[in-house]
> 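Got a structure for you, questions after.
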Amino acid sequence: MANIATGLNEQILETAKDLFINKGYHGLSMREISDALNVSKAALYYYFKDKEELFLEILKIYLEDMSIALEKIQAESTSSKQQIQHFIRHVLTQPAKQRATIRLASQEIIHLTPKVRKTFDTLYREKFIGKVQAILQKGIDSGEFRKMQIEVAVWALLGIMFPYFYPTHSGDSPLPDKTIQEVTDIYLNGIIKK
């Protein structure tokens with residue numbers, strides 16, 4: 001019985017993520033999620049007390065996955081530049097639906113209650129942004145990167161990748177390696193001809 005419950009919980013999360021990506025937080029109801037799953041609303045509420053809790057759980061899972069990936073990247077005995085390259089490659093080679101979760105969080109978080117936004121913001125900084133900042137700071141401290149405002153550097157990095165967080169931008173097919181390399185090169189080397 002536990003396996004059935006676990007399976008349904010995972011199915012709810014996966015189906016809800018697809019629907020949130022396609023309709024947004026505000027445009028989606030628990031009724032639509034239960035209809036898509038072909039279960040009663042009561043069954044849905046057994047697992048998640050409301051839409052906000054369900055949405056936050058989807059974001060938490062993504063952040064946990066990113067945290068694990070970033071910890072592996074940070075543990076590599078490579079330069080900070082190579083770690084940033086590996087981070088960009090990791091994100092941009094994810095399935096489009098996974099990449100879209102980052103955009104979903106940044107655009108839809110405004111619809112959540114202040115308490116839940118604060119919870120998400122803490123997790124976002126601890127498991128994702130803070131780890132990217134640490135890679136950049138290590139590069140600055142070692143003299144590999146020039147001195148800069150870390151927060152600006154992180155937002156610039158995410159900004160250059162942001163168009164690829166829309167599933168419609170690249171469809172279901174992986175981004176071409178040439179595109180990933182170009183994004184990486186522009187971020188790390190700029191656009192000035194040397």
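Note: hydrogens, waters and symmetry copies are ignored here, and every other heavy atom, side chains too, is used. Owing to the predicted nature of the structure, the values given are computational and were not obtained by experimental measurement.
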> Could you give the distance from CG (L158) to CD1 (I88), rounded to the nearest 0.5 Å?
9.5 Å
> When rounded to the nearest 0.5 angstrom, what is the spacing between CD in Q74 and CG in L70?
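Taking CD in Q74 and CG in L70, the distance rounds to 6.0 Å.
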> Looking at I160 and P163, what are the two nearest heavy atoms and their distance?
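Minimum heavy-atom contact is O-CD, 3.7 Å.
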> Any side-chain heavy atom of V183 within less than 4.5 Å of one from L175?
no
> Is there a donor-acceptor pair closer than 3.5 Å between any side-chain N or O of Q83 and the backbone N or O of I135?
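No; judged by distance alone, with no hydrogens or angles, the pair does not exist.
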> What's the shortest heavy-atom distance between S34 and K41, and which atoms?
OG-CG, 3.5 Å
> When you compare the side chains of Q181 and D177, does any donor N or O come within less than 3.5 Å of an acceptor on the partner?
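No donor-acceptor contact under 3.5 Å links the two side chains.
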> With a 4.5 Å limit on heavy-atom distance, are the side chains of S106 and F165 in contact?
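No, too far: nothing below the 4.5 Å cut-off.
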> Within a radius of less than 6.0 Å around CG of N38, do more than 12 heavy atoms belonging to other residues, nucleotides or ligands occur?
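No.
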> Is it true that R125 and E151 make a salt bridge, defined as a side-chain N closer than 4.0 Å to a carboxylate O?
yes
> Nearest 0.5 angstrom please: S67 OG to E126 CD, how far?
7.0 Å
> Please name all residues satisfying side-chain hydrogen bond (donor to acceptor under 3.5 Å, both in side chains) with E64, sequence neighbours left out, ordered by chain then number.
K127
> Is the count of non-hydrogen atoms from other residues, nucleotides or ligands lying under 6.0 Å from E32 atom CD greater than 12?
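Buried by this count: over 12 neighbours within 6.0 Å.
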> Within a strict 4.5 Å, meaning less than it, do heavy atoms of the L104 and Y62 side chains meet?
no
> With a 3.5 Å distance limit and no angle check, can you tell me whether R117 reaches the backbone of I110 through a side-chain donor-acceptor pair?
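Side chain of R117 to backbone of I110: a pair is present.
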> So, using ring-ring contact (aromatic ring centres under 6.0 Å, His included) as the criterion, who are the partners of Y124 when residues are at least two apart?
F120, F128
> Does any part of the side chain of T101, heavy atoms only, come nearer than 4.5 Å to the side chain of L59, both counted from C-beta?
yes
> So, using ring-ring contact (aromatic ring centres under 6.0 Å, His included) as the criterion, who are the partners of Y45 when residues are at least two apart?
none
> Check for a donor-acceptor pair, side chain of Q85 on one end and backbone N or O of T184 on the other, with a separation under 3.5 Å.
no
> Using a 3.5 Å distance criterion without hydrogens, assess whether the side chain of S142 forms a donor-acceptor pair with backbone atoms of G139.
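Checked: pair present.
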> For D18, give me all partners under side-chain hydrogen bond (donor to acceptor under 3.5 Å, both in side chains), at least two apart in sequence or on another chain.
K97
> Could you list the residues that satisfy ring-ring contact (aromatic ring centres under 6.0 Å, His included) with H90, not counting sequence neighbours?
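Counting only residues at least two positions away or on another chain, H90 forms no ring-ring contact (aromatic ring centres under 6.0 Å, His included).
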> Is the positively charged end of K81 above the ring of F145, judged by distance under 6.0 angstrom from the centroid and angle within 45° of the axis?
no
> Rounded to the nearest 0.5 Å, how far does CE of M30 lie from NZ of K51?
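Taking NZ in K51 and CE in M30, the distance rounds to 9.0 Å.
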> Are any non-hydrogen side-chain atoms of E53 and V116 less than 4.5 angstrom apart?
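A side-chain contact is absent here, since even the closest heavy-atom pair is not under 4.5 Å.
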> Do E57 and Y47 get their side chains close enough for a donor-acceptor pair, meaning under 3.5 Å?
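Their side chains do not contain a donor-acceptor pair, so the 3.5 Å distance test is not met.
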> If you draw a 6.0 Å radius around CD in Q149, do more than 12 non-hydrogen atoms from other residues or ligands fall strictly inside?
no
> Quick check for you: to the nearest 0.5 Å, what is the distance between L19 atom CG and E14 atom CD?
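Rounded to the nearest 0.5 Å, the CG-CD separation comes out at 10.5 Å.
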> Taking the six-membered ring of Y166, is NZ or CZ of R103 closer than 6.0 Å to its centre and within 45° of its axis?
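Flagged: R103 positioned over aromatic ring of Y166.
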> Check salt bridge (Lys or Arg N to Asp or Glu O under 4.0 Å) between E52 and all other residues, then give those that pass, not counting sequence neighbours.
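E52 satisfies salt bridge (Lys or Arg N to Asp or Glu O under 4.0 Å) with no residue once adjacent residues are dropped.
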> Fit a plane to each ring of Y25 and F20, take the angle between them on a 0 to 90° scale, and name the class: parallel (under 30°), tilted (30 to 60°) or perpendicular (over 60°).
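Correct class here is parallel.
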> Checking Y187 side chain against A153 main chain: does a donor-acceptor pair fall under 3.5 Å?
yes
> If I take atom CD1 from residue I58 and atom CG from residue L63, how far apart are they, to the nearest 0.5 angstrom?
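The CD1 atom of I58 sits 12.0 Å away from the CG atom of L63.
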